[in-house]
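See structure below.
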Amino acid sequence: LGGFVGAESTSSQRSPSANPTVLSGDIGTAGVHGDNVYHVVTAAPFSMLDGFIVTGGHASGAGALQCDGGGMLNLASSVVVANCRFVDNATDRGCHRSDSGSGGGLYNAGAGVVISACVFESNRTGTGAVNTQSAGTAGSGGLGGGIANAGRGLWVSGTTFVANVTGDGGDSAGNGYGGWGGLGAGMSSTADGLVVVDSTFAENRVGMPGVGLNIGYDGDGGGGGLYVSGATADVIRCAFVNNAAGRAGVDVGWNRGGGLYARAEATVSLLQAFFLGNRVEGSAYAYSMGGAWASNVAHVRCVNCVAGGNVAQVAGGIYAVGGSLQLTNSTVAGNQTNGPSYLYPPSGIYYGSLGSSNAGVLVVANSIVWGNGGTSGMTIEYGATSTLVVEYSDIQGGYAGAGNINVDPAFVDLLGGDYRVQPGSVCVDAGNVALMPVDTLDLDADGDFAEPLPVDIAGNARVGGMYVDIGAYEL
């Protein structure tokens, strides 16, 4: 336990904010990372770290896992990390040779780990190695600037991820492939059972993919806030604000998901989540997709969510290829596309595949898709073999389906980012209660796990009588 001044008689009297207790890895020349410890903290089974500032770790060693987890390395089960700040920790190449290490702030491979009321700030991963051979792939920029999770059942609550960065992918010579840019600047997860509750991802940025022979050989990258690959994740009452992938004007690679990137059959549930002001940047020859979030052969379910004010070349709001995407009682509004006109980029949602016909299922129910802008004027676009089902929703430009409308929803302030609807809006009481998911998490703690979801994105009662509003907010 940290946060003591020395005169306390019980642990409840301590104050980590008033009495900072610093664990620093800066043991060599002050301010020079290259001579710092590999891991500031290495966890033991059934241990607790509570009330500390962890800083100055630089995981760059050649031994196993010596280049992962600059701030903290955890391979143990049942570890609790609470009321801690992980600041200015880093990983680099070393044990992974060409790829950067992962988990600048914390690398977790333990099961049943809890992280509560922490801050991960200005942590980073390193840059992938350049490939000098005539073939092959350059090194990647690592996973998880703040946290890289490879352990089952990680629970994160009340935690802030801010200004974390993942490194660029390495460039490749000859006929080789560019390396992947770092993924999940705030956090990455490749293990089942991740739960993130009441947390914020803000101002995090993923690195650029590396340059290959041509655009088809360039690397991939994405997930400014969160990256989930081949695993399950539940994200509840979280905010993704001003995160970024790619760089403006740079002709490199495929950049996806300013807030979130899910891929490789990941299953992600978003409940009461805000995606605001995230962006994916690029240029005419570097595709940027999904300002709010992107998925690639993944399964994303979004209930009571807002995607607003996000920017990308293709789908300023949401971009998905394959898998499935389900939006219920959500609002996609005020997003922008800035891609070249030959991409015909939709401004709100893209589902399918550019230039191909990846199959998948998109369901939009009780939702608003309105006020999105860009070069094509299209609100929703989907691939030729994709299945699109839209019901009881307000879609600008209109869509066929039961209960759908094409009328201005009368937001309180679209340009100002207030996506509540005003009294008298056509969206009030225009939804279908039967399309709402059940309250499997018992969000209102009434013991009824079979009722329709009882609250909106702001925590207000969701259903008034027999009717439900269209969109993320209930009037």
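The shown structure was predicted, so the numbers you read here are calculated from the model rather than taken from an experiment.
- Looking at Asn372, its side chain never comes within 3.5 Å of a backbone N or O of Thr379 through a donor-acceptor pair.
- Ile368 is listed as a side-chain neighbour of Phe411, based on a closest heavy-atom distance under 4.5 Å.
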Pair Ser324, His299 - check side chain to side chain donor-acceptor pair (under 3.5 Å), show working. CA-CA 5 Å; Ser324 61; His299 307 279; 2.9 Å; yes
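- For Arg93, the CZ atom counts as densely surrounded, since its 6.0 Å shell holds more than 12 non-hydrogen atoms of other residues, nucleotides or ligands.
- Two residues are said to be in side-chain contact when any heavy atoms from C-beta on lie closer than 4.5 Å; Asn149 and Val156 fail this criterion.
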Please evaluate residues Tyr177 and Ser172 with respect to the criterion side chain to side chain contact (heavy atoms under 4.5 Å, CB included), reporting the C-alpha separation (whole Å), side-chain torsions for both, the decisive distance (0.1 Å), and the verdict. CA-CA 6 Å; Tyr177 290 84; Ser172 192; 5.5 Å; no
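- Of the candidates Asn164, Asn36, Thr55, Asn123, Asn89 forms a side-chain hydrogen bond (donor to acceptor under 3.5 Å, both in side chains) with just one, namely Asn123.
- Partner of Arg124 under the side-chain hydrogen bond (donor to acceptor under 3.5 Å, both in side chains) criterion, chosen from Thr166, Asp92, Asp88: Asp88.
- Remark: Thr337 OG1 to Asn310 CG distance equals 12.5 Å, nearest 0.5 Å.
- How far CG of Leu106 is from CE of Met187: 9.0 Å, rounded to the nearest 0.5 Å.
- A donor-acceptor contact shorter than 3.5 Å links the side chain of Ser100 to the backbone of Gly126.
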Give the intermediate values and the outcome of side chain to side chain contact (heavy atoms under 4.5 Å, CB included) for residues Tyr261 and Val280. CA-CA 11 Å; Tyr261 182 25; Val280 189; over 6 Å; no
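- Looking at Asn243 and Phe161, their side chains never come closer than 4.5 Å, going by heavy atoms from C-beta outward.
- Side-chain atoms of Asp442 never come within 3.5 Å of backbone atoms of Phe449 as a donor-acceptor pair (strictly under, hydrogens ignored).
- Nearest heavy atom pair, residue Asp26 against residue Val32, reads OD1-O, 4.1 Å.
- A donor-acceptor pair under 3.5 Å is formed between the side chain of Gln313 and the backbone N or O of Ser288.
- Here the CD1-OG distance, from Ile349 to Ser330, works out to 9.0 Å after rounding to the nearest 0.5 Å.
- The two residues Gly179 and Thr137 have their closest heavy-atom pair at CA-CG2, 4.4 Å.
- Distance alone, capped at 3.5 Å, is enough to place a donor-acceptor pair between the Ser367 side chain and the Ala365 backbone.
- Shortest non-hydrogen contact noted between Arg152 and Ala191 is N-CB, 4.0 Å.
- Looking at Leu443 and Arg237, their side chains come closer than 4.5 Å, going by heavy atoms from C-beta outward.
- Taken from CD1 in Ile236 to CG in Leu441, the straight-line distance is 5.0 Å, to the nearest 0.5 Å.
- Applying the salt bridge (charged side-chain N to carboxylate O under 4.0 Å, His left out) rule to pairs touching residues 70-85 yields Arg85-Glu121, sequence neighbours excluded.
- At a threshold of 4.5 Å between non-hydrogen side-chain atoms, the residues Arg462 and Asp439 do not count as touching.
- Judged by distance alone, with hydrogens and angles left aside, the side-chain atoms of Asn108 form no donor-acceptor pair with the main-chain N or O of Ile147 at under 3.5 Å.
- Across all their heavy atoms, Gly225 and Phe240 have their closest contact at CA-CD2, 4.3 Å.
- Between Trp293 and Phe275, the ring planes are tilted. Angles from 30° to 60° get that label.
- In this structure, Glu265 and Val297 have side chains that are in contact, with non-hydrogen atoms separated by less than 4.5 Å.
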Could you walk me through whether Arg14 and Asp50 pass salt bridge (charged side-chain N to carboxylate O under 4.0 Å, His left out), step by step? CA-CA 11 Å; Arg14 70 194 178 103; Asp50 188 332; 2.8 Å; yes
Start with the C-alpha gap between Leu453 and Thr328, add the side-chain angles, then the distance that decides, and say whether side chain to side chain contact (heavy atoms under 4.5 Å, CB included) holds. CA-CA 11 Å; Leu453 199 67; Thr328 305; over 6 Å; no
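- Side-chain contact between Asn19 and Glu8: present, with at least one pair of heavy atoms (C-beta onward) separated by less than 4.5 Å.
- Aromatic ring orientation, His58 versus His33: perpendicular (interplanar angle above 60°, classes split at 30° and 60°).
- Without hydrogens or angle criteria, Tyr351 side chain to Val361 main chain gives a donor-acceptor distance under 3.5 Å.
- Remark: the backbone N or O of Thr159 is paired with a side-chain donor or acceptor of Ser199 at under 3.5 angstrom.
- Contact detail for Asn83 and Pro16: the closest heavy-atom pair is O-CB, 4.4 Å.
- Between Ala129 and Ala138, the closest heavy-atom pair is O-CB, 3.4 Å.
- Formation of a donor-acceptor pair under 3.5 Å by the Asp198 side chain with backbone atoms of Ser157 is not found in this model.
- Not less than 2.5 angstrom separates the SG atom of Cys84 from that of Cys118.
- Panel note: side chain Tyr38, backbone Thr91; no donor-acceptor pair is recorded below 3.5 Å.
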Applying side chain to side chain contact (heavy atoms under 4.5 Å, CB included), run through Arg263 and Arg256 and close with a yes or a no. CA-CA 10 Å; Arg263 64 180 294 271; Arg256 313 177 200 233; over 6 Å; no
